[in-house]
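Below: the structure, in C-alpha coordinates.
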2 protein chains.
Amino acid sequence: MVTVYEEVFHWENYLKYGTRQFFRKKECIYKQGEYGEGFYYLHKGLVRIVTESAAGKENMLNIVIPNQLLGVQSLDQKTHFTTAIAVKDSVVYHFSADEFRQLMITHPELFKLFSKSVIHKMKILLDRINLNALTSEQKLAVLLHNICDEFKNYEIPISQQDLACCTGLTRITVYKVLKQWQEAGIIEIDKRKYFIKKPDFLRNLVS
Amino acid sequence: MVTVYEEVFHWENYLKYGTRQFFRKKECIYKQGEYGEGFYYLHKGLVRIVTESAAGKENMLNIVIPNQLLGVQSLDQKTHFTTAIAVKDSVVYHFSADEFRQLMITHPELFKLFSKSVIHKMKILLDRINLNALTSEQKLAVLLHNICDEFKNYEIPISQQDLACCTGLTRITVYKVLKQWQEAGIIEIDKRKYFIKKPDFLRNLVS
DNA sequence: ACGTAACTGTAGCCTATTTAACGTTTTTTA
DNA sequence: TAAAAAACGTTAAATAGGCTACAGTTACGT
(Lines give C-alpha, C1' and ligand atoms only; values in the text may rest on other atoms or scores of the structure.)
Protein backbone atom coordinates (compact mmCIF):
# COMPACT_ATOMS: atom_id res chain seq x y z
CA MET A 1 0.00 0.00 0.00
CA VAL A 2 1.32 3.28 -0.97
CA THR A 3 0.67 6.20 1.16
CA VAL A 4 1.59 9.68 0.30
CA TYR A 5 2.68 11.37 3.46
CA GLU A 6 3.13 15.01 3.57
CA GLU A 7 4.73 16.04 6.79
CA VAL A 8 7.11 18.82 5.90
CA PHE A 9 10.74 18.96 6.91
CA HIS A 10 12.73 22.10 6.46
CA TRP A 11 15.90 21.23 4.68
CA GLU A 12 15.97 24.33 2.50
CA ASN A 13 18.81 26.00 4.35
CA TYR A 14 21.08 23.05 3.88
CA LEU A 15 20.49 22.33 0.23
CA LYS A 16 23.53 24.33 -0.78
CA TYR A 17 25.69 21.64 0.75
CA GLY A 18 24.22 18.90 -1.41
CA THR A 19 24.69 18.07 -5.06
CA ARG A 20 21.80 18.89 -7.29
CA GLN A 21 20.69 16.20 -9.72
CA PHE A 22 17.92 15.92 -12.28
CA PHE A 23 15.94 12.86 -13.16
CA ARG A 24 13.50 12.51 -16.01
CA LYS A 25 10.14 10.85 -15.61
CA LYS A 26 10.56 7.07 -15.30
CA GLU A 27 14.25 7.41 -14.73
CA CYS A 28 15.71 5.38 -11.93
CA ILE A 29 17.36 7.23 -9.07
CA TYR A 30 18.76 4.18 -7.40
CA LYS A 31 18.19 0.46 -7.71
CA GLN A 32 17.66 -2.19 -5.10
CA GLY A 33 20.90 -4.05 -4.58
CA GLU A 34 23.14 -1.28 -5.85
CA TYR A 35 25.66 0.28 -3.57
CA GLY A 36 24.81 3.75 -2.50
CA GLU A 37 26.57 6.41 -0.57
CA GLY A 38 24.65 8.99 1.37
CA PHE A 39 21.06 9.91 0.70
CA TYR A 40 18.82 12.11 -1.41
CA TYR A 41 16.47 14.95 -0.68
CA LEU A 42 13.58 15.42 -3.08
CA HIS A 43 13.28 19.05 -4.01
CA LYS A 44 10.78 18.91 -6.85
CA GLY A 45 8.88 16.16 -8.56
CA LEU A 46 7.51 12.88 -7.35
CA VAL A 47 9.27 9.60 -6.73
CA ARG A 48 7.96 6.11 -6.39
CA ILE A 49 9.66 3.72 -4.01
CA VAL A 50 9.30 0.05 -4.86
CA THR A 51 10.76 -3.10 -3.48
CA GLU A 52 11.17 -6.50 -4.98
CA SER A 53 10.79 -9.44 -2.67
CA ALA A 54 12.88 -12.58 -2.91
CA ALA A 55 9.98 -14.20 -4.69
CA GLY A 56 10.29 -11.57 -7.39
CA LYS A 57 7.05 -9.76 -6.73
CA GLU A 58 7.25 -6.03 -6.98
CA ASN A 59 5.57 -3.84 -4.44
CA MET A 60 5.22 -0.14 -4.27
CA LEU A 61 6.12 1.12 -0.83
CA ASN A 62 5.31 4.75 -0.97
CA ILE A 63 5.37 7.88 -2.98
CA VAL A 64 7.86 10.49 -1.96
CA ILE A 65 6.74 14.05 -2.28
CA PRO A 66 9.02 17.06 -2.23
CA ASN A 67 10.80 17.92 1.02
CA GLN A 68 11.34 14.32 1.96
CA LEU A 69 14.42 12.16 2.00
CA LEU A 70 14.96 9.00 0.04
CA GLY A 71 17.61 6.37 -0.10
CA VAL A 72 18.63 6.80 3.50
CA GLN A 73 19.30 3.07 3.71
CA SER A 74 22.60 3.37 2.04
CA LEU A 75 23.98 6.07 4.27
CA ASP A 76 26.76 3.78 5.30
CA GLN A 77 27.75 2.34 1.99
CA LYS A 78 25.24 -0.42 2.32
CA THR A 79 23.26 -1.62 -0.65
CA HIS A 80 19.90 -0.08 -1.28
CA PHE A 81 17.06 -2.32 -0.34
CA THR A 82 14.52 -0.47 -2.42
CA THR A 83 14.34 1.08 -5.86
CA ALA A 84 13.42 4.70 -6.50
CA ILE A 85 11.88 5.76 -9.77
CA ALA A 86 10.90 9.27 -10.76
CA VAL A 87 7.19 9.54 -11.46
CA LYS A 88 7.58 13.07 -12.79
CA ASP A 89 10.68 14.95 -13.78
CA SER A 90 12.38 15.50 -10.47
CA VAL A 91 15.09 17.52 -8.83
CA VAL A 92 16.97 15.94 -5.96
CA TYR A 93 19.94 16.90 -3.84
CA HIS A 94 22.42 14.25 -2.97
CA PHE A 95 24.31 14.30 0.30
CA SER A 96 27.24 11.96 0.66
CA ALA A 97 27.67 10.31 4.02
CA ASP A 98 30.96 12.04 4.76
CA GLU A 99 29.75 15.42 3.69
CA PHE A 100 26.72 15.06 5.84
CA ARG A 101 28.68 13.92 8.82
CA GLN A 102 30.94 16.95 8.54
CA LEU A 103 27.94 19.15 8.13
CA MET A 104 26.39 17.78 11.26
CA ILE A 105 29.40 18.76 13.28
CA THR A 106 28.97 22.37 12.32
CA HIS A 107 25.17 22.19 12.37
CA PRO A 108 24.14 19.88 15.18
CA GLU A 109 20.49 20.80 14.75
CA LEU A 110 20.59 18.75 11.56
CA PHE A 111 20.40 15.64 13.64
CA LYS A 112 16.88 16.42 14.68
CA LEU A 113 15.88 16.96 11.09
CA PHE A 114 17.51 13.78 10.00
CA SER A 115 16.07 11.67 12.75
CA LYS A 116 12.62 13.09 12.16
CA SER A 117 12.80 12.24 8.51
CA VAL A 118 13.97 8.74 9.19
CA ILE A 119 11.42 8.07 11.88
CA HIS A 120 8.83 9.27 9.49
CA LYS A 121 10.05 6.70 7.00
CA MET A 122 9.72 4.03 9.62
CA LYS A 123 6.19 5.07 10.33
CA ILE A 124 5.38 4.70 6.68
CA LEU A 125 6.81 1.22 6.60
CA LEU A 126 4.89 0.28 9.69
CA ASP A 127 1.63 1.57 8.27
CA ARG A 128 2.36 -0.53 5.29
CA ILE A 129 2.70 -3.58 7.48
CA ASN A 130 -0.51 -2.92 9.32
CA LEU A 131 -2.40 -2.71 6.09
CA ASN A 132 -1.92 -6.38 5.55
CA ALA A 133 -4.38 -7.05 8.29
CA LEU A 134 -7.13 -5.37 6.30
CA THR A 135 -9.48 -6.76 3.68
CA SER A 136 -8.85 -5.83 0.08
CA GLU A 137 -11.73 -3.40 0.11
CA GLN A 138 -10.26 -1.65 3.12
CA LYS A 139 -6.82 -1.55 1.58
CA LEU A 140 -8.16 0.17 -1.47
CA ALA A 141 -10.23 2.52 0.64
CA VAL A 142 -7.23 3.60 2.65
CA LEU A 143 -5.17 4.05 -0.46
CA LEU A 144 -7.73 6.10 -2.36
CA HIS A 145 -8.42 8.16 0.67
CA ASN A 146 -4.78 8.97 1.14
CA ILE A 147 -4.33 9.82 -2.47
CA CYS A 148 -7.22 12.24 -2.36
CA ASP A 149 -5.85 13.90 0.71
CA GLU A 150 -2.57 14.31 -1.01
CA PHE A 151 -3.76 15.60 -4.30
CA LYS A 152 -6.46 17.67 -2.69
CA ASN A 153 -9.22 16.54 -4.96
CA TYR A 154 -11.35 13.56 -5.67
CA GLU A 155 -9.99 12.49 -8.96
CA ILE A 156 -7.65 9.57 -8.83
CA PRO A 157 -4.70 9.93 -11.13
CA ILE A 158 -3.55 6.35 -10.87
CA SER A 159 -4.19 3.33 -13.04
CA GLN A 160 -5.94 0.20 -11.88
CA GLN A 161 -2.72 -1.60 -12.46
CA ASP A 162 -0.90 0.73 -10.12
CA LEU A 163 -3.59 0.49 -7.51
CA ALA A 164 -3.05 -3.24 -7.64
CA CYS A 165 0.65 -2.81 -7.27
CA CYS A 166 0.30 -0.39 -4.40
CA THR A 167 -1.96 -2.57 -2.38
CA GLY A 168 -0.39 -5.86 -3.29
CA LEU A 169 -3.72 -7.09 -4.67
CA THR A 170 -4.40 -8.51 -8.10
CA ARG A 171 -5.59 -6.26 -10.83
CA ILE A 172 -8.73 -8.37 -10.99
CA THR A 173 -9.48 -7.82 -7.34
CA VAL A 174 -8.99 -4.12 -7.75
CA TYR A 175 -11.27 -4.16 -10.72
CA LYS A 176 -13.95 -6.04 -8.79
CA VAL A 177 -13.93 -3.72 -5.83
CA LEU A 178 -13.95 -0.67 -8.06
CA LYS A 179 -16.84 -2.03 -10.05
CA GLN A 180 -18.78 -2.81 -6.93
CA TRP A 181 -18.19 0.71 -5.63
CA GLN A 182 -19.26 2.12 -8.91
CA GLU A 183 -22.51 0.19 -8.81
CA ALA A 184 -23.08 1.49 -5.30
CA GLY A 185 -22.45 5.03 -6.47
CA ILE A 186 -19.43 5.50 -4.29
CA ILE A 187 -17.17 6.27 -7.17
CA GLU A 188 -17.75 7.20 -10.75
CA ILE A 189 -15.81 5.90 -13.68
CA ASP A 190 -15.42 7.91 -16.79
CA LYS A 191 -12.93 7.21 -19.51
CA ARG A 192 -10.83 5.13 -17.15
CA LYS A 193 -10.60 7.97 -14.68
CA TYR A 194 -12.03 7.46 -11.25
CA PHE A 195 -13.81 10.09 -9.19
CA ILE A 196 -14.71 9.63 -5.59
CA LYS A 197 -18.28 10.61 -4.93
CA LYS A 198 -18.65 9.55 -1.32
CA PRO A 199 -15.35 9.96 0.46
CA ASP A 200 -17.03 9.34 3.78
CA PHE A 201 -17.88 5.84 2.76
CA LEU A 202 -14.23 5.11 2.25
CA ARG A 203 -13.36 6.70 5.55
CA ASN A 204 -15.90 4.60 7.42
CA LEU A 205 -14.64 1.41 5.92
CA VAL A 206 -11.45 1.74 7.85
CA SER A 207 -11.97 3.60 11.09
CA MET B 1 6.83 -12.32 10.56
CA VAL B 2 9.41 -12.05 13.20
CA THR B 3 12.99 -12.10 12.32
CA VAL B 4 15.77 -12.12 14.79
CA TYR B 5 18.56 -10.04 13.41
CA GLU B 6 21.92 -10.10 14.95
CA GLU B 7 24.09 -7.45 13.48
CA VAL B 8 26.11 -6.06 16.35
CA PHE B 9 26.47 -2.39 17.15
CA HIS B 10 29.01 -1.21 19.63
CA TRP B 11 27.32 1.03 22.09
CA GLU B 12 29.19 -0.25 25.12
CA ASN B 13 31.33 2.85 25.54
CA TYR B 14 28.34 5.11 25.70
CA LEU B 15 26.18 3.19 28.13
CA LYS B 16 27.43 5.20 31.02
CA TYR B 17 25.51 8.17 29.66
CA GLY B 18 22.20 6.33 29.65
CA THR B 19 19.89 5.39 32.49
CA ARG B 20 19.85 1.74 33.37
CA GLN B 21 16.45 0.13 33.76
CA PHE B 22 15.27 -3.40 34.52
CA PHE B 23 12.24 -5.12 33.12
CA ARG B 24 10.87 -8.46 34.22
CA LYS B 25 9.73 -11.09 31.80
CA LYS B 26 6.41 -10.09 30.22
CA GLU B 27 6.74 -6.56 31.48
CA CYS B 28 5.99 -3.80 29.04
CA ILE B 29 8.78 -1.38 28.18
CA TYR B 30 6.63 0.99 26.19
CA LYS B 31 3.18 0.87 24.70
CA GLN B 32 1.90 1.85 21.32
CA GLY B 33 0.26 5.24 21.56
CA GLU B 34 2.13 6.34 24.67
CA TYR B 35 4.36 9.34 24.52
CA GLY B 36 8.01 8.51 24.68
CA GLU B 37 11.10 10.53 24.95
CA GLY B 38 14.35 9.25 23.57
CA PHE B 39 15.10 5.60 22.95
CA TYR B 40 16.34 2.43 24.59
CA TYR B 41 19.35 0.23 24.13
CA LEU B 42 18.93 -3.43 25.01
CA HIS B 43 21.85 -4.58 27.07
CA LYS B 44 20.67 -7.98 28.26
CA GLY B 45 17.57 -10.03 27.69
CA LEU B 46 15.17 -10.31 24.80
CA VAL B 47 12.37 -8.03 23.75
CA ARG B 48 9.40 -8.58 21.51
CA ILE B 49 8.13 -5.73 19.37
CA VAL B 50 4.50 -5.91 18.42
CA THR B 51 2.14 -3.57 16.67
CA GLU B 52 -1.59 -3.33 16.72
CA SER B 53 -3.28 -2.30 13.51
CA ALA B 54 -6.33 -0.08 13.35
CA ALA B 55 -8.39 -3.23 12.87
CA GLY B 56 -7.14 -4.43 16.24
CA LYS B 57 -5.06 -7.31 15.03
CA GLU B 58 -1.81 -7.78 16.84
CA ASN B 59 1.32 -8.59 14.93
CA MET B 60 4.79 -9.36 16.13
CA LEU B 61 7.29 -7.29 14.23
CA ASN B 62 10.58 -8.56 15.43
CA ILE B 63 12.57 -9.76 18.34
CA VAL B 64 15.23 -7.45 19.63
CA ILE B 65 18.39 -9.06 20.85
CA PRO B 66 21.04 -7.41 23.00
CA ASN B 67 23.08 -4.57 21.48
CA GLN B 68 20.17 -3.21 19.53
CA LEU B 69 18.06 -0.12 19.96
CA LEU B 70 14.35 -0.02 20.50
CA GLY B 71 11.74 2.68 20.69
CA VAL B 72 13.61 5.02 18.39
CA GLN B 73 10.28 6.21 16.98
CA SER B 74 9.68 8.48 19.91
CA LEU B 75 12.99 10.24 19.78
CA ASP B 76 11.21 13.48 19.22
CA GLN B 77 8.45 13.20 21.74
CA LYS B 78 6.24 11.46 19.28
CA THR B 79 4.01 8.63 20.35
CA HIS B 80 5.30 5.13 20.04
CA PHE B 81 3.83 3.27 17.15
CA THR B 82 4.77 -0.13 18.49
CA THR B 83 4.72 -1.91 21.81
CA ALA B 84 7.79 -3.51 23.38
CA ILE B 85 7.45 -6.40 25.78
CA ALA B 86 10.28 -8.17 27.57
CA VAL B 87 10.44 -11.84 26.63
CA LYS B 88 13.06 -12.52 29.29
CA ASP B 89 14.18 -10.39 32.20
CA SER B 90 15.98 -7.56 30.49
CA VAL B 91 18.35 -4.72 31.15
CA VAL B 92 18.00 -1.65 29.00
CA TYR B 93 19.59 1.77 28.95
CA HIS B 94 17.42 4.72 28.25
CA PHE B 95 18.73 7.78 26.45
CA SER B 96 16.62 10.89 26.49
CA ALA B 97 16.51 12.88 23.30
CA ASP B 98 18.22 15.88 24.81
CA GLU B 99 20.89 13.89 26.53
CA PHE B 100 21.63 12.10 23.33
CA ARG B 101 21.75 15.26 21.30
CA GLN B 102 24.25 16.73 23.73
CA LEU B 103 26.23 13.56 23.66
CA MET B 104 26.39 13.63 19.91
CA ILE B 105 27.98 17.03 19.96
CA THR B 106 30.85 15.77 22.02
CA HIS B 107 30.94 12.40 20.27
CA PRO B 108 30.07 12.94 16.61
CA GLU B 109 30.94 9.36 15.80
CA LEU B 110 27.73 8.41 17.57
CA PHE B 111 25.80 9.52 14.54
CA LYS B 112 27.13 6.65 12.53
CA LEU B 113 26.16 4.23 15.21
CA PHE B 114 22.72 5.70 15.50
CA SER B 115 22.05 5.80 11.81
CA LYS B 116 23.25 2.26 11.38
CA SER B 117 20.92 1.08 14.06
CA VAL B 118 17.99 2.89 12.59
CA ILE B 119 18.65 1.79 9.05
CA HIS B 120 18.84 -1.71 10.36
CA LYS B 121 15.40 -1.24 11.86
CA MET B 122 14.12 -0.08 8.52
CA LYS B 123 15.54 -3.13 6.86
CA ILE B 124 13.68 -5.30 9.31
CA LEU B 125 10.43 -3.53 8.57
CA LEU B 126 11.00 -3.89 4.89
CA ASP B 127 11.71 -7.58 5.16
CA ARG B 128 8.49 -7.82 7.04
CA ILE B 129 6.66 -6.17 4.19
CA ASN B 130 8.17 -8.41 1.60
CA LEU B 131 7.02 -11.42 3.49
CA ASN B 132 3.46 -10.58 2.78
CA ALA B 133 4.01 -11.46 -0.82
CA LEU B 134 4.83 -15.03 0.13
CA THR B 135 2.58 -18.04 0.62
CA SER B 136 2.00 -19.27 4.12
CA GLU B 137 4.37 -22.14 3.62
CA GLN B 138 7.08 -19.74 2.54
CA LYS B 139 6.44 -17.43 5.43
CA LEU B 140 6.90 -20.23 7.88
CA ALA B 141 9.97 -21.44 6.07
CA VAL B 142 11.60 -18.04 6.28
CA LEU B 143 10.71 -17.70 9.90
CA LEU B 144 11.98 -21.08 10.97
CA HIS B 145 15.08 -20.64 8.94
CA ASN B 146 15.82 -17.33 10.61
CA ILE B 147 15.17 -18.69 14.02
CA CYS B 148 17.58 -21.53 13.44
CA ASP B 149 20.24 -19.17 12.24
CA GLU B 150 19.77 -17.11 15.32
CA PHE B 151 19.74 -19.85 17.88
CA LYS B 152 22.39 -21.79 16.06
CA ASN B 153 20.62 -25.09 16.17
CA TYR B 154 17.73 -26.89 14.62
CA GLU B 155 15.40 -27.00 17.54
CA ILE B 156 12.66 -24.44 17.49
CA PRO B 157 11.91 -22.98 20.88
CA ILE B 158 8.67 -21.31 19.87
CA SER B 159 5.09 -22.45 20.19
CA GLN B 160 2.75 -23.01 17.29
CA GLN B 161 0.71 -20.18 18.63
CA ASP B 162 3.65 -17.82 18.47
CA LEU B 163 4.61 -18.96 15.02
CA ALA B 164 1.10 -18.01 14.01
CA CYS B 165 1.43 -14.62 15.61
CA CYS B 166 4.82 -13.98 14.07
CA THR B 167 3.71 -14.77 10.56
CA GLY B 168 0.25 -13.35 10.83
CA LEU B 169 -1.22 -16.72 9.89
CA THR B 170 -3.85 -18.66 11.79
CA ARG B 171 -2.76 -21.26 14.23
CA ILE B 172 -4.59 -23.80 12.13
CA THR B 173 -2.64 -22.89 9.05
CA VAL B 174 0.60 -23.15 10.95
CA TYR B 175 -0.47 -26.52 12.19
CA LYS B 176 -1.36 -27.71 8.71
CA VAL B 177 1.95 -26.69 7.22
CA LEU B 178 3.89 -28.17 10.08
CA LYS B 179 2.03 -31.42 9.79
CA GLN B 180 2.61 -31.58 6.08
CA TRP B 181 6.32 -30.98 6.63
CA GLN B 182 6.39 -33.63 9.27
CA GLU B 183 4.81 -36.15 6.91
CA ALA B 184 7.42 -35.25 4.32
CA GLY B 185 10.18 -35.74 6.86
CA ILE B 186 11.31 -32.16 6.73
CA ILE B 187 10.76 -31.59 10.40
CA GLU B 188 10.26 -33.87 13.34
CA ILE B 189 7.80 -33.28 16.11
CA ASP B 190 8.40 -34.63 19.56
CA LYS B 191 6.57 -33.51 22.65
CA ARG B 192 5.54 -30.28 21.01
CA LYS B 193 9.10 -29.47 20.17
CA TYR B 194 10.02 -29.09 16.53
CA PHE B 195 13.31 -30.12 14.99
CA ILE B 196 14.33 -29.21 11.52
CA LYS B 197 15.67 -32.19 9.63
CA LYS B 198 16.11 -30.73 6.19
CA PRO B 199 17.01 -27.08 6.48
CA ASP B 200 17.82 -26.96 2.79
CA PHE B 201 14.25 -27.68 1.93
CA LEU B 202 13.20 -24.57 3.80
CA ARG B 203 15.88 -22.55 2.13
CA ASN B 204 14.80 -23.66 -1.32
CA LEU B 205 11.22 -22.76 -0.69
CA VAL B 206 12.13 -19.14 -0.61
CA SER B 207 15.15 -18.45 -2.77
C1' DA C 1 -1.46 -30.85 44.23
C1' DC C 2 -5.07 -29.21 41.84
C1' DG C 3 -7.67 -26.34 38.91
C1' DT C 4 -7.56 -23.07 35.40
C1' DA C 5 -5.63 -21.24 31.48
C1' DA C 6 -3.18 -21.72 27.44
C1' DC C 7 -1.72 -24.77 23.66
C1' DT C 8 -2.43 -28.55 20.30
C1' DG C 9 -4.69 -32.03 16.95
C1' DT C 10 -8.15 -32.56 13.74
C1' DA C 11 -12.23 -32.03 10.69
C1' DG C 12 -15.24 -29.57 7.63
C1' DC C 13 -17.12 -25.75 5.51
C1' DC C 14 -16.83 -21.38 3.22
C1' DT C 15 -15.49 -17.40 0.79
C1' DA C 16 -12.30 -14.00 -0.72
C1' DT C 17 -8.54 -13.98 -4.02
C1' DT C 18 -5.85 -15.75 -7.37
C1' DT C 19 -5.03 -17.71 -11.96
C1' DA C 20 -6.14 -18.22 -16.51
C1' DA C 21 -7.96 -16.64 -20.63
C1' DC C 22 -9.24 -13.42 -24.17
C1' DG C 23 -10.97 -9.72 -26.73
C1' DT C 24 -11.00 -4.56 -26.61
C1' DT C 25 -9.18 -0.04 -25.83
C1' DT C 26 -5.69 3.21 -24.87
C1' DT C 27 -1.02 4.83 -24.74
C1' DT C 28 3.63 4.82 -26.05
C1' DT C 29 7.40 4.86 -29.17
C1' DA C 30 9.93 4.22 -33.26
C1' DT D 1 1.05 7.39 -37.93
C1' DA D 2 1.36 2.56 -37.61
C1' DA D 3 2.84 -1.06 -34.79
C1' DA D 4 3.84 -2.64 -30.31
C1' DA D 5 3.05 -2.49 -25.62
C1' DA D 6 0.25 -1.55 -21.69
C1' DA D 7 -3.94 -1.34 -19.53
C1' DC D 8 -8.87 -2.63 -19.07
C1' DG D 9 -13.41 -5.34 -18.77
C1' DT D 10 -15.23 -9.61 -17.88
C1' DT D 11 -16.02 -14.47 -16.88
C1' DA D 12 -15.20 -18.92 -15.07
C1' DA D 13 -12.61 -22.26 -12.40
C1' DA D 14 -9.34 -23.52 -8.77
C1' DT D 15 -7.68 -22.96 -4.17
C1' DA D 16 -5.55 -21.33 -0.26
C1' DG D 17 -6.32 -19.92 3.90
C1' DG D 18 -9.80 -18.28 7.32
C1' DC D 19 -13.37 -19.35 10.78
C1' DT D 20 -15.78 -22.63 13.93
C1' DA D 21 -15.82 -26.31 16.99
C1' DC D 22 -14.32 -29.41 20.33
C1' DA D 23 -11.70 -32.70 22.77
C1' DG D 24 -7.21 -33.92 24.57
C1' DT D 25 -2.57 -32.08 26.61
C1' DT D 26 0.52 -29.46 28.90
C1' DA D 27 2.02 -25.62 31.82
C1' DC D 28 1.48 -22.60 35.54
C1' DG D 29 -0.02 -20.18 39.65
C1' DT D 30 -1.11 -20.48 44.44
Side-chain angles (χ1 to χ4, degrees), chain A residues 1 24-27 48 50 53 55-60 85-89 131-141 143-144 156-183 187-195 205, chain B residues 1 24-27 48 53 55-60 85 87-89 131-144 156-184 187-195 205:
Chain A
M1 161 72 59
R24 298 221 155 278
K25 189 175 169 177
K26 294 205 175 175
E27 211 175 332
R48 185 162 96 229
V50 301
S53 68
K57 195 173 176 189
E58 215 177 69
N59 250 298
M60 205 186 302
I85 297 163
V87 175
K88 303 184 192 170
D89 292 359
L131 274 172
N132 289 106
L134 305 180
T135 66
S136 21
E137 200 184 8
Q138 289 176 315
K139 283 181 195 171
L140 261 176
L143 176 54
L144 292 201
I156 299 154
I158 292 192
S159 76
Q160 231 178 71
Q161 203 82 241
D162 276 343
L163 291 176
C165 175
C166 292
T167 51
L169 303 171
T170 332
R171 203 201 89 235
I172 287 86
T173 306
V174 172
Y175 158 74
K176 281 180 188 165
V177 173
L178 250 33
K179 190 180 174 194
Q180 182 190 320
W181 283 352
Q182 184 205 9
E183 280 163 6
I187 62 171
E188 221 165 65
I189 307 182
D190 179 49
K191 287 241 171 213
R192 294 193 177 178
K193 291 266 177 200
Y194 306 91
F195 302 88
L205 263 183
Chain B
M1 159 74 59
R24 300 224 154 276
K25 188 175 172 178
K26 296 202 174 176
E27 211 175 332
R48 187 164 94 227
S53 68
K57 197 174 173 187
E58 213 176 70
N59 249 297
M60 205 186 302
I85 296 164
V87 175
K88 302 185 193 172
D89 292 358
L131 275 173
N132 290 108
L134 306 180
T135 66
S136 22
E137 198 183 9
Q138 289 176 314
K139 284 182 194 171
L140 260 176
V142 174
L143 176 54
L144 292 200
I156 298 154
I158 292 192
S159 74
Q160 233 178 65
Q161 204 84 241
D162 276 343
L163 292 176
C165 175
C166 292
T167 50
L169 303 171
T170 333
R171 204 204 87 232
I172 288 89
T173 306
V174 172
Y175 158 75
K176 281 179 189 165
V177 172
L178 251 30
K179 189 181 174 195
Q180 182 190 321
W181 283 352
Q182 183 204 12
E183 279 163 5
I187 62 169
E188 222 166 64
I189 306 181
D190 181 47
K191 285 241 171 212
R192 298 192 175 178
K193 291 266 177 197
Y194 306 90
F195 302 88
L205 263 184

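Letters go in sequence order (proteins before strands), and every chain restarts at 1. The structure displayed is predicted, hence computed values, not measured ones. The basis for the numbers below is simple: all heavy atoms, side chains too, and nothing from hydrogens, waters or symmetry mates.
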Check: How long is the line joining CD1 of B/I189 and P of C/dC7, in whole Å?
Finding: 17 Å
Item checked: Distance, rounded to the nearest Å, where A/Q160 contributes CD and C/dT27 contributes C1' -> 15 Å
Next item on the list: Could you please name the option among C/dT18, D/dC19, D/dT10 that lies closest to any side-chain atom of B/T170?
Entry: D/dC19
Item checked: Interatomic distance where CG belongs to B/L140 and C1' belongs to D/dG17 [whole Å] -> 13 Å
Item checked: Nearest-angstrom distance from the residue atom CG of B/L134 to P of D/dA16 -> 15 Å
Item checked: Polar side-chain atom of A/Q138 near backbone of A/L205 as donor-acceptor pair, under 3.5 Å -> yes
Checklist line | Spacing of A/I158 atom CD1 relative to D/dC8 atom C1', expressed in whole Å | finding: 16 Å
Check: Closest to the A/I172 side chain: D/dT10, D/dG17, C/dT17?
Finding: D/dT10
Note to self: Taking the minimum atom-to-atom distance to the side chain of A/K179, which one of D/dT11, C/dT17, C/dG9 wins?
What the structure shows: D/dT11
Margin query: Atom CD of residue position B/E27 - does it have more than 12 heavy atoms of other residues, nucleotides or ligands inside 6.0 Å?
Written below: yes
Next item on the list: Report which part of the nucleic acid A/T173 touches: base, sugar-phosphate, or nothing (heavy-atom distance under 4.0 Å, all strands).
Entry: base
Checklist line | Nearest-Å distance for atom pair NZ/P, residues A/K26 and C/dT28 | finding: 6 Å
Next item on the list: Measure from CG on B/L131 to P on D/dG17 and round the result to the nearest Å.
Entry: 14 Å
Next item on the list: Check A/N132 against B/N132 and note the closest heavy-atom contact, atom names and distance.
Entry: OD1-OD1, 3.0 Å
Margin query: The side chain of B/S159 is closest to which nucleotide in this list: C/dC7, C/dT10, D/dA7?
Written below: C/dC7
Next item on the list: For B/D89 and B/K25, indicate whether the former's side chain and the latter's backbone hold a donor-acceptor pair under 3.5 Å.
Entry: yes
Item checked: Spacing between B/K193 atom NZ and C/dT8 atom C1', to the nearest angstrom -> 14 Å
Next item on the list: Record whether the side chain of B/K176 comes under 3.5 Å of the base of C/dG9 through a donor-acceptor pair of N or O atoms.
Entry: no
Check: So, the side chain of B/T170 versus the backbone of B/T173: is there a donor-acceptor pair under 3.5 Å, distance only?
Finding: no
Check: Looking at C/dG12, C/dT10, D/dC8, which one has an atom nearest to any side-chain atom of B/Y175?
Finding: C/dT10
Next item on the list: Could you say whether B/E137 or B/K25 is positioned toward the 5' end of DNA chain D, judged by the nucleotide with the nearest heavy atom to each?
Entry: B/E137
Notebook entry, point to check: Below 3.5 Å, does any donor atom in the side chain of B/R171 face an acceptor in the base of C/dG9, or the other way round?
Noted result: yes
